[in-house]
Q: 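Handing you a structure now.
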Amino acid sequence: MNKNNNCVIKVSKDDKTILEYIKSETNASYSKIISILLKKFNSCDTDEKNKINDEISKNKFYTSDENKIIKLKLTENEVNILKEISKNTGFSSITKQAKFLLLNSIKNEKLFTNIEIDEFIKTRTEINAIGKNIYQLLKILRSGNSVKINENNLIKLWIILEIKLIYCLINLVL
């Protein structure tokens, strides 16, 4: 029994249109259409295969503007720096890290790493908890019941709140 292998094949828009037309006319899947074309190629004589191979080597079939490949030459030191930065920011490869840094340098809106977004969520959660505590204190004070409030703890709470807010604002600016 043949084992199926998945792969992604990139084709030009024109070739995709042709494939879609064949699919609609034959009710065959893309896999079936490609399989038949491959078998047809395999059954060609050597001269015909050579003609097809020459055409393949002369032409670029996939010319999409969706993705462009940019190649950079980096020193070993620069690669190591990118590896270190990608470890700290949570990117799985230096390519993704380099793309992130490039996009952040040319876009007006800052992009955030997953680690930064997680930090924003944690900070927001902590600020919400502090807000709930303050609301509970105000609720008790408004009820008219006498409550002893330790001023030192209240001052520490405000300092922590200010530090969290400053940290959050610094992350937004950077």
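Here the structure is a predicted model, which means the values were calculated and not measured. These values consider heavy atoms only, across backbone and side chains, with no hydrogens, waters or symmetry-generated copies.
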Q: Under the rule for salt bridge (charged side-chain N to carboxylate O under 4.0 Å, His left out), what residues qualify as partners of Lys16, not counting sequence neighbours?
A: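 Listed in chain order: Glu20.
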Q: Return the set of residues passing salt bridge (charged side-chain N to carboxylate O under 4.0 Å, His left out) with Glu48 (not counting sequence neighbours), or none when no residue passes.
A: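 Glu48 satisfies salt bridge (charged side-chain N to carboxylate O under 4.0 Å, His left out) with no other residue.
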Q: Roughly how far apart are Leu165 CG and Thr123 OG1, rounded to 0.5 Å?
A: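 One gets 9.0 Å once the value is rounded to the nearest 0.5 Å.
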Q: How would you list all residue pairs meeting ring-ring contact (aromatic ring centres under 6.0 Å, His included) that involve residues 70-91, not counting sequence neighbours?
A: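 Sorted pair list: Phe91-Phe100.
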Q: List for me each residue that meets salt bridge (charged side-chain N to carboxylate O under 4.0 Å, His left out) alongside Lys99, sequence neighbours excluded, and say none if there are none.
A: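 Checked Lys99 against salt bridge (charged side-chain N to carboxylate O under 4.0 Å, His left out); zero matches.
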Q: For a quick test of reading the model, state the closest non-hydrogen atom pair linking Ser93 to Ser86 and the distance between them.
A: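 So the two residues come closest at O-CB, 4.0 Å.
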Q: Which residue pairs pass the salt bridge (Lys or Arg N to Asp or Glu O under 4.0 Å) test with at least one member in residues 79-98, sequence neighbours excluded?
A: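 As it turns out, there is no salt bridge (Lys or Arg N to Asp or Glu O under 4.0 Å) pair with a partner in residues 79-98 once direct neighbours are skipped.
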Q: When rounded to the nearest 0.5 angstrom, what distance separates CG in Leu138 from CG in Asn133?
A: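 With rounding to 0.5 Å, CG (Leu138) is 11.0 Å from CG (Asn133).
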Q: For residues Ile94 and Leu82, report the shortest heavy-atom separation together with the two atoms involved.
A: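 So the minimum-distance heavy-atom pair works out to CG2-C, 3.7 Å.
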Q: Roughly how far, to the nearest 0.5 Å, is the CD1 atom of Ile34 from the CD1 atom of Ile22?
A: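 It is 10.0 Å, given to the nearest 0.5 Å.
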Q: Looking at Glu78 and Lys73, what are the two nearest heavy atoms and their distance?
A: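 Looking at all heavy atoms of both residues, the closest pair is OE1-O, 4.4 Å.
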Q: Can you list everything that forms a side-chain contact (heavy atoms from CB on, under 4.5 Å) with Ser43? Sequence neighbours excluded, please.
A: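 Testing Ser43 for side-chain contact (heavy atoms from CB on, under 4.5 Å), a comparison that skips the adjacent residues, returns none.
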Q: Please name all residues satisfying side-chain contact (heavy atoms from CB on, under 4.5 Å) with Asn77, sequence neighbours left out, ordered by chain then number.
A: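 With sequence neighbours excluded, Asn77 shows a side-chain contact (heavy atoms from CB on, under 4.5 Å) to Thr75, Ile81, given in chain and number order.
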Q: Report the distance from atom OG1 of Thr26 to atom CD1 of Ile33, rounding to the nearest 0.5 Å.
A: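 It is 4.5 Å, given to the nearest 0.5 Å.
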Q: Would you please name every residue forming a salt bridge (charged side-chain N to carboxylate O under 4.0 Å, His left out) with Glu126, sequence neighbours left out?
A: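 Counting only residues at least two positions away or on another chain, Glu126 forms a salt bridge (charged side-chain N to carboxylate O under 4.0 Å, His left out) with Lys164.
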Q: Less than 4.5 Å apart, side chain to side chain, heavy atoms only: is that true for Phe120 and Thr125?
A: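 A side-chain contact under 4.5 Å is absent here.
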Q: Linking Ile, Leu, Val, Met, Phe, Trp and Tyr by side-chain heavy atoms under 4.5 Å, what else ends up with Tyr135?
A: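 Result for Tyr135 is none, singleton.
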Q: Establish whether Leu74 and Ile85 are linked, either directly or via other cluster members, by ILVMFWY side-chain heavy-atom contacts under 4.5 Å.
A: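 Hydrophobic grouping puts Leu74 apart from Ile85.
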Q: Between Ser35 and Ser31, is there a donor-acceptor pair closer than 3.5 Å when you use the side chain of the first and the backbone of the second?
A: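 Judged by distance alone, no pair lies under 3.5 Å.
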Q: Would you say Ile36 ends up clustered with Tyr30 if hydrophobic residues are merged whenever their side chains have heavy atoms under 4.5 Å apart, either directly or through other cluster members?
A: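 Result: no, two separate clusters.
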Q: Looking at residues at least two apart in the chain, or sitting in another chain, which of them share a side-chain contact (heavy atoms from CB on, under 4.5 Å) with Ile155?
A: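 So Ile155 forms a side-chain contact (heavy atoms from CB on, under 4.5 Å) with Ile159.
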Q: With sequence neighbours left out, write down each residue that passes side-chain contact (heavy atoms from CB on, under 4.5 Å) with Lys156, or none if nothing qualifies.
A: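 Per chain and number, Lys156 pairs via side-chain contact (heavy atoms from CB on, under 4.5 Å) with Asn153.
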